[in-house]
Amino acid sequence: DTWDGLIGTSTAAVLPTVTAGGKNGYVTLTTGLSTNGTLATNGVQLHSDLNWQAGNGNLVFETRLKLDAVTSLRVFAGFTDQVAALESPLSSTGGSDTLIATATDAGGFVFDTAMTTDDWWAAGVKSGTVATSVDMSTADAPAAATYQKLRIEIDSTGTAVFFVGGVRRGSV
């Protein structure tokens with residue numbers, strides 16, 4: 001009940017769909033196909049209620065993702081502070097390995113092909129201040145049609161530790 005989705009204006013964008021299959025159930029997100037490539041047009045967002053707070057103990061986010069393609073896309077997987085509208089909580093400034101924040105508070109993995117280095121990045125923003133992002137390494141870059149397990153553990157101080165495939169890769 002608490003899961004919901006948002007989509008951009010492209011007629012090809014589809015609200016997240018849940019396929020129940022016992023322990024192998026999954027959610028499919030289908031983006032739009034517009035050539036302008038904006039989140040408002042092509043974006044798809046899966047979110048739950050805003051009911052988390054690191055100050056009361058540790059937060060844990062874990063997912064297995066499989067991207068059909070790894071060209072011309074932006075993915076954020078983690079915690080963010082709003083779900084009312086399509087939001088890319090952290091994304092590339094374009095043509096560099098620098099991230100900017102739309103969110104005021106967020107922590108998660110970012111893969112953005114607008115960046116110079118197309119890898120997973122550990123990223124965060126706290127009270128509007130963007131933390132220095134950490135490149136998870138080329139060895140961890142997503143590959144098309146391949147599942148990857150991503151995990152974040154955030155402690156009560158707001159420090160986030162990032163794991164790819166069960167291996168600790170950095171903290172923000």
Side-chain angles (χ1 to χ4, degrees), residues 1-20 25-52 61-131 133-136 138 140-150 152 160 162 164 172:
D1 271 5
T2 62
W3 291 102
D4 201 0
L6 296 169
I7 59 173
T9 58
S10 170
T11 57
V14 178
L15 281 169
T17 56
V18 177
T19 303
Y26 57 92
V27 177
T28 300
L29 285 73
T30 304
T31 62
L33 300 173
S34 175
T35 56
N36 75 5
T38 67
L39 185 64
T41 305
N42 291 336
V44 178
Q45 177 176 305
L46 174 69
H47 60 259
S48 183
D49 296 331
L50 295 178
N51 56 8
W52 51 275
F61 170 87
E62 186 170 270
T63 188
R64 275 186 351 132
L65 291 178
K66 179 174 75 170
L67 307 174
D68 288 343
V70 291
T71 56
S72 300
L73 79 142
R74 174 187 308 151
V75 176
F76 174 87
F79 295 101
T80 187
D81 59 357
Q82 76 84 27
V83 296
L86 280 173
E87 175 185 76
S88 185
L90 292 142
S91 59
S92 173
T93 58
S96 71
D97 284 339
T98 303
L99 294 171
I100 57 171
T102 302
T104 303
D105 294 298
F109 287 90
V110 175
F111 178 75
D112 191 337
T113 57
M115 296 179 78
T116 303
T117 307
D118 293 345
D119 293 338
W120 283 115
W121 287 78
V125 55
K126 183 176 180 180
S127 300
T129 301
V130 178
S133 303
V134 176
D135 181 356
M136 296 288 96
T138 302
D140 296 322
T146 303
Y147 277 106
Q148 237 178 344
K149 185 165 78 170
L150 306 175
I152 308 164
F162 293 77
V164 179
V172 171

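Side chains included, hydrogens not; waters and symmetry mates left out as well; all remaining heavy atoms used.
Thr30 and Ala12 get closest at one heavy-atom pair: CG2-O, 3.8 Å. For Leu86 against Leu6, the heavy-atom pair with the smallest separation is N-CD1, 3.7 Å. The heavy-atom pair separating Leu67 from Pro142 by the smallest distance is CD1-CB, 3.9 Å. Here the closest non-hydrogen pair linking Gly108 and Phe162 is O-CE2, 3.4 Å. Of all non-hydrogen atoms in Thr113 and Asp118, the two that sit nearest each other are CA-OD1, 3.4 Å. Ala13 and Gly43 make their closest contact through CB-O, 4.3 Å (heavy atoms, listed as atom of the first residue, atom of the second, distance).
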Val75/Val110 under side chain to side chain contact (heavy atoms under 4.5 Å, CB included): CA gap, chis, key distance, verdict: CA-CA 6 Å; Val75 176; Val110 175; over 6 Å; no
Test side chain to side chain contact (heavy atoms under 4.5 Å, CB included) applied to Leu46 and Val27, step by step: CA-CA 9 Å; Leu46 174 69; Val27 177; 3.9 Å; yes
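A distance-only check finds no donor-acceptor pair linking the side chain of Asp105 to the backbone of Asp81 [under 3.5 Å]. Using a distance-only test at 3.5 Å, with no hydrogens or angles considered, no donor-acceptor pair links the side chain of Glu87 to the main chain of Gln45. Asp112 places a side-chain N or O within 3.5 Å of a backbone atom of Ser92 that can act as its donor or acceptor partner. In this structure, the side chain of Ser10 does not engage the main chain of Asn42 through any donor-acceptor pair within 3.5 Å.
Distance check: Arg74 CZ to Thr31 OG1 gives 12.5 Å after rounding to the nearest 0.5 Å. Taking CG of Leu65 as the start and CH2 of Trp120 as the end, the distance is 5.5 Å to the nearest 0.5 Å. One distance of note links CG of Leu99 with CG of Leu90; it measures 6.0 Å at 0.5 Å rounding. The line from OG1 of Thr138 to CG of Asp119 is 4.0 Å long, rounded to the nearest 0.5 Å. Interatomic distance, OG1 of Thr17 versus CG of Leu15, reported as 9.0 Å (0.5 Å rounding). Note that CZ of Phe109 and CZ of Phe76 are 10.0 Å apart. Values are rounded to the nearest 0.5 Å.
Of the listed residues (Val130, Val134, Val125), just one forms a side chain to side chain contact (heavy atoms under 4.5 Å, CB included) with Val172, and that residue is Val134.
Taking the side chain as every heavy atom from C-beta outward, Pro16 and Thr28 never approach each other to under 4.5 Å.
Using modelled atom types and a 3.5 Å distance limit, the side chains of Asp97 and Thr117 yield a donor-acceptor pair.
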